[in-house]
Amino acid sequence: MEDIKRNEAYNRYIKEKIPKTKAWPSLFNSFWVGGLICVLGQGINDVILLIFPYLSQQSAWACTLIILIFIASFLTGVGVYDQIGKFAGGGSIVPITGFSNSITSPSVEFKSEGIIYGICVKMFTIAGPVIVFGVVSSMLVGFIYWIIGLFI
Amino acid sequence: MIKEKEQTIILKKQPRIIGSYSIVGPKEGKGNFGRYFDYVMKDDCFGEDTFEKAERKMLESAITGVIEKAKLSTKDINLMIAGDLLNQIISSSYAARMYPFPFLGVYGACSTMAESIAVASVLIDGGYFDNIVCCTGSHFSTAERQYRFPLELGNQRPPTSQWTITGAGSCVLSLKGEGPRVTMVTFGKVIDWGVSDVNNMGAAMAPAVRDTLLRHFAATKTKPDDYDLILTGDLGKLGSEILIDLMDDEGVTLGANYGDCGQMYFKRQQKTLCGGSGAGCCATVFNSYIMQKLREKQYKKILFLPTGALLSTTSTQQGDTIPSVCHAIVIEA
């Protein structure tokens, strides 16, 4: 009983002692880097439509995503993306480039364990939960959409 | 051997540390202790194709290097005591297969250096062995991969996190020869004060140091001022501040003679947040800078007490708290 009290008191003390992350500077960095990635995406999209004017908007978007994913993967491979991530935090995690980084980085890391047990098994260790939640939430949204459709 | 109090052993024959060797990675070589290390690697891979093999090779070169520095040959060594951070301590055991002497694997996480020296000096003091090699090391990339995220993942490190040292340290203990003496050993209990944040190891480990330190002072009837240096392993910046507070609550003041290897390891511009950590952290500092100062008699009596956080990724994922251990050794010039 005494131990529990001591541990609680100790954890409270540590909580006060921990240096706090300065919220505003990191938010600012996330904001402008994240924004820059989005601007880059829009730019790529516009250039694609300029070069291939008969392409549908949907296909142009797909091409843009592929290019962004490739750029992020490439930057991960050459060891630049983690530097951007250290600086920008959420700004470079939330866009699709962050997703690409989360799949490429374990693939690069676990290359030494072979193609199947290394790359293939570990590829989704970080992105896996994101995919699961993505699928589950889209199912939920679809279900709600269907129910609403029954009444309207 | 006089058993003074339950955990402390006062050594009668006082084995000497007749040789020490340290090898570190390039980032560590640029740190505060850079010029004291025996060998600084040019890159983290050390000419191997995986980081695990690089870590193993580091341990091998530390063992070979220290035997050479102690002016002995492999035939003179009776036992090797080693450990590291990887699962099933593979770096140590794989390194041990290179040598013709028996191997005793120990695991004390980042306290392995003190644990192996403590065990070795007790064995030598008991008269069972003549020369024992102690070795431990860690590698940033293998530890990150085992405990945290892939290296290239663009995530941010929390401000309390520490940087695992790439490096290995080793020493030879013997009754013959010249060198600082191990005079007292205090084996630590496993302490858990309910900290579960893996990014705040310093806070998890500080209570273990407090416990061992208090027991050591009580058993040996010494106080902080009796030592030229009280050196903890890898509590880091935050952890050592916590320790000072904890000791203050007990009425023991840790002053200018207190230091932490992890906190002192890197220069500020190297951006390692709370400092260095890992088994190689205190092992490389102890076997380079500290041993040199002891041989030069600048330090006459030091208390070396590294800590180890005894967690695994499984216990962390299951939400368990972090138990820690701290072993203390007293070394006199």
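Letters go in sequence order (proteins before strands), and every chain restarts at 1.
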Would you give the length of the straight line joining atom CG of B:D49 to atom OG of A:S112, rounded to the nearest 0.5 angstrom? 8.5 Å
Are the side chains of A:I18 and B:N200 in touch, meaning some heavy atoms are under 4.5 Å apart? yes
Quick check on the interface: out of A:V108, A:I126, A:I84, who has the most heavy-atom pairs with chain B under 4.5 Å? A:I126
Kindly indicate, with the supporting measurements, whether the criterion side chain to side chain contact (heavy atoms under 4.5 Å, CB included) is fulfilled by B:L246 and A:Y10. CA-CA 10 Å; B:L246 286 178; A:Y10 184 58; 4.0 Å; yes
At a 4.5 Å cut-off on heavy atoms, which part of B:P207 comes close to chain A: side chain, backbone, both, or neither? both
Looking only at A:K122, A:E8, A:E113, the option with the highest number of non-hydrogen pairs under 4.5 Å against chain B is A:E113
Below 4.5 Å, heavy-atom pairs only: which of A:Q83, A:K17, A:K86 has the largest tally toward chain B? A:K17
Within a radius of less than 6.0 Å around CD of A:Q58, do more than 12 heavy atoms belonging to other residues, nucleotides or ligands occur? no
Please indicate whether A:I115 has more than 12 foreign heavy atoms, meaning atoms of other residues, nucleotides or ligands, lying under 6.0 Å from its CD1. no
Step through the shown structure and confirm whether more than 12 heavy atoms of other residues, nucleotides or ligands are within 6.0 Å of OH on B:Y147. yes
B:Y258, OH: over 12 other non-hydrogen atoms inside 6.0 angstrom: yes
4.5 Å side-chain heavy-atom contact, A:S105 and B:L151: no
Would you mind reporting whether A:Y13 and B:D245 have side-chain heavy atoms less than 4.5 Å apart? yes
Can you name the residues that form a side-chain contact (heavy atoms from CB on, under 4.5 Å) with B:T212, not counting sequence neighbours? B:T186, B:C326, B:A328
Identify the two heavy atoms, one from A:I14 and one from B:A203, that lie closest to each other, and give their separation to 0.1 Å. CD1-CB, 3.4 Å
Test item: B:R145 and A:F110 side chains (from C-beta on) under 4.5 Å apart, heavy atoms: yes
Side-chain donor-acceptor distances from residues 233-243 of chain B under 3.5 Å, at least two apart:
residue: B:D234; atom: OD2; partner: B:G278; partner atom: N; Å: 3.0
residue: B:S240; atom: OG; partner: B:G236; partner atom: O; Å: 2.5
residue: B:S240; atom: OG; partner: B:K237; partner atom: O; Å: 3.3
residue: B:S240; atom: OG; partner: B:Q263; partner atom: OE1; Å: 3.1

Using side-chain heavy atoms (C-beta onward) and a distance below 4.5 Å, is B:F149 in contact with A:T125? no
Minimum side-chain heavy-atom gap B:E152-A:T104 below 4.5 Å: no
Quick check on B:S141 against chain A: is it the side chain, the backbone, both or neither that has a heavy atom closer than 4.5 Å? backbone
So, taking the atom named CG in A:D82 and the one named CD in B:Q156, what distance separates them when rounded to the nearest 0.5 Å? 12.0 Å
Which residues in residues 187-198 of chain B have any heavy atom closer than 4.5 Å to a heavy atom of chain A? B:D192, B:W193, B:G194, B:V195
Applying ring-ring contact (aromatic ring centres under 6.0 Å, His included) to B:F51 and not counting sequence neighbours gives B:H139
Under 4.5 Å from any heavy atom of chain B, what part of A:A88 do you find: side chain, backbone, both or neither? backbone
Counting only heavy atoms not in A:I147, do more than 12 fall under 6.0 Å of its CD1? yes
